[in-house]
Protein chains: 2
Amino acid sequence: MNATPRWLTPEQQAAWDGFIRMQEKLIGRLSRRVQADSRMSPADYIVLAKLTEAGGRMRFMDLTKLVEWEKSRMSHQVARMAKRGLVDKEDCPDDGRGAFIIATPAGREAIEEAAPVHVEHVRRLFIDALTQEELDTLARISNRVLAHLEKQPD
Amino acid sequence: MNATPRWLTPEQQAAWDGFIRMQEKLIGRLSRRVQADSRMSPADYIVLAKLTEAGGRMRFMDLTKLVEWEKSRMSHQVARMAKRGLVDKEDCPDDGRGAFIIATPAGREAIEEAAPVHVEHVRRLFIDALTQEELDTLARISNRVLAHLEKQPD
DNA sequence: CACGAGTGGTTGACACGTCAACCATTACCT
DNA sequence: AGGTAATGGTTGACGTGTCAACCACTCGTG
């Protein structure tokens with residue numbers, strides 16, 4: 001059908017499979033725990049975290065770029081969060097298209113409550129599994145992969 | 001409210017953030033590419049791959065355990081795949097509750113076409129970014145985290 | 001044999017993400 | 001000024017994942 005497909009070597013397979021399995025289990029468990037303990041999804045968490053870090057009031061697109069999401073994803077997310085009272089939207093006077101996203105008091109309260117819980121789960125599930133040296137190595141590897149991805153289109 | 005929250009050290013933060021960013025971008029890009037190039041989602045891919053590896057006919061629960069999913073996830077997934085003609089369901093004569101999942105010819109064809117594409121994307125996005133030594137290291141780290149997770153409840 | 005517990009599997013409601021199309025406004029170009 | 005492109009943001013449809021409840025059958029025990 002085509003030229004030989006170049007399968008992965010067993011070592012490459014092992015690395016990929018291990019990484020995938022680990023990442024799925026880790027992320028899955030973390031999100032379930034965070035959600036169970038704080039009534040906030042990871043998406044809620046990151047949006048509120050970045051938003052409050054920046055003072056609790058930000059232009060929609062700035063927030064979107066900050067967390068590196070697609071705008072439609074953020075739009076849906078903000079709509080859901082607004083419905084639950086975590087954020088508000090406000091028209092931008094300078095730009096008729098624009099909108100500000102604002103953390104409500106309830107939103108600030110929610111994230112302040114969730115943050116330590118979140119950190120604690122990250123610690124227990126991930127940090128505690130590894131030495132600082134391993135963490136550094138993983139950081140280096142992650143950045144290598146990221147840099148590699150950014151060199152390619154898409 | 002509670003005892004001091006024990007935030008992460010900057011090095012720990014860096015490792016966690018880097019890992020998360022990497023993992024999101026990598027998985028996101030991989031699934032978009034696989035989907036675009038083969039009309040199959042990663043979920044379709046893994047289910048069909050495991051199913052055909054096992055001969056193309058398996059008990060529902062065996063398949064579910066093999067890919068380490070929840071049964072309801074598999075049930076939904078299989079239903080969708082059946083609707084698209086990738087698999088069939090068949091009652092189990094020995095156990096009135098049970099079902100066999102069967103890869104259809106179309107399903108076998110689809111995975112045979114998708115597999116090299118999948119491998120190639122994994123290679124380009126991930127394998128090519130790292131040396132074999134780094135891959136080995138990552139595998140070791142992944143297994144450490146996995147082992148750590150399996151020691152904890154949930 | 002009866003009955004309760006466990007297993008195999010489905011279902012429905014809901015949250016989430018992507019894609020593509022769309023609308024409104026602003027910026028750019030001549 | 002006027003048209004066109006770009007930006008800011010929303011929307012709807014759809015595929016996917018989770019949770020909890022549920023149904024049907026089998027199995028173990030008294």
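In what follows, chains are A, B, ... by sequence order, proteins preceding strands, each numbered from 1. Note that this is a predicted model, so its numbers are computed, not measured.
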Ranking C:dG17, D:dT18, D:dT10 by distance to the side chain of A:Gln77, first place goes to C:dG17
A:Glu70 has its side chain closest, among D:dC25, C:dA15, C:dC19, to C:dC19
Nucleotide [N], atom [atom2] - distance to [atom1] of [X] in whole Å:
X       : N      : atom1 : atom2 : value
B:Met40 : D:dG15 : CE    : P     : 16 Å
B:Lys25 : C:dT18 : NZ    : P     : 11 Å
A:Trp69 : C:dG17 : CH2   : C1'   : 9 Å
A:Arg39 : C:dC16 : CZ    : P     : 12 Å
A:Asp94 : D:dT7  : CG    : C1'   : 15 Å
A:Arg29 : D:dC19 : CZ    : C1'   : 17 Å
A:Met74 : C:dC16 : CE    : P     : 13 Å
B:Ile27 : C:dT18 : CD1   : C1'   : 16 Å

OP1 or OP2 of [N] under 4.0 Å from side-chain N/O of [X]:
X       : N      : value
A:Lys65 : D:dG8  : yes
A:Arg32 : C:dA15 : no
B:Gln35 : C:dT18 : no

Ranking A:Gly28 and A:Val78 by the position along DNA chain D of their nearest nucleotide, the one closer to 5' is A:Val78
Sorted by position of nearest nucleotide on DNA chain C, 5' first, the leading residue of A:Lys83 and A:Gly96 is A:Lys83
Which residues pass the salt bridge (charged side-chain N to carboxylate O under 4.0 Å, His left out) test with [X], not counting sequence neighbours?
X        : value
A:Arg144 : B:Glu134
B:Arg108 : none
B:Arg80  : none

Residues in residues 102-115 of chain B with a heavy atom under 4.0 Å of DNA chain D, by number, are none
May I ask you to say what B:Thr64 touches in the nucleic acid, namely base, sugar-phosphate or nothing, with a heavy-atom cut-off under 4.0 Å?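 Nothing, no nucleic acid heavy atom in range.
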So salt bridge (Lys or Arg N to Asp or Glu O under 4.0 Å) across residues 67-79 of chain A, not counting sequence neighbours, yields A:Glu68-B:Arg21, A:Glu68-B:Lys25
Those residues at least two apart in sequence (or on a different chain) that pass ring pair (Phe, Tyr, Trp, His ring centres under 6.0 Å) with A:Phe60 are none
hbond_proxy B:Arg97 side chain to C:dT7 base (donor-acceptor, 3.5 Å cutoff)
yes
What residues 53-62 of chain A contributes to the DNA chain C interface at heavy-atom separation below 4.0 Å is none
- Item | Non-neighbouring partners of B:Asp17 that pass side chain to side chain contact (heavy atoms under 4.5 Å, CB included), sequence neighbours left out |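 By the side chain to side chain contact (heavy atoms under 4.5 Å, CB included) rule, B:Asp17 matches B:Gln13.
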Residues passing the side chain to side chain contact (heavy atoms under 4.5 Å, CB included) test with B:Glu11, sequence neighbours excluded, are A:Gln132, A:Asp136, B:Thr9
Query - N-O pairing of B:Arg39 and B:Asp44 below 4.0 Å - result: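 Not counted as a salt bridge, because no side-chain N and carboxylate O are separated by less than 4.0 Å.
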Report task. For B:His148 and A:Arg124, indicate whether the former's side chain and the latter's backbone hold a donor-acceptor pair under 3.5 Å. Result -> yes
Discussion item. Using modelled atom types and a 3.5 Å cut-off, is there a donor and acceptor pairing between side-chain atoms of A:Ser31 and backbone atoms of A:Gly28?
Written reply: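 Side chain of A:Ser31 to backbone of A:Gly28, a donor-acceptor pair under 3.5 Å: yes, one is there.
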Give me, pair by pair, the N or O atoms of the protein and of nucleotides 11-13 of chain D that are less than 3.5 Å apart, along with how far apart they are.
{"from": "D:dG12", "atom 1": "O6", "to": "A:His76", "atom 2": "NE2", "distance (Å)": "2.7"}

In short, ring-ring contact (aromatic ring centres under 6.0 Å, His included) pairs touching residues 15-57 of chain A with sequence neighbours left out are A:Trp16-B:Phe126, A:Phe19-B:Phe126, A:Tyr45-A:His118
Kindly state each residue pair satisfying side chain to side chain donor-acceptor pair (under 3.5 Å) with at least one member in residues 85-104 of chain A, sequence neighbours excluded.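 Qualifying pairs, neighbours excluded: A:Arg57-A:Glu90, A:Asp95-A:Arg97.
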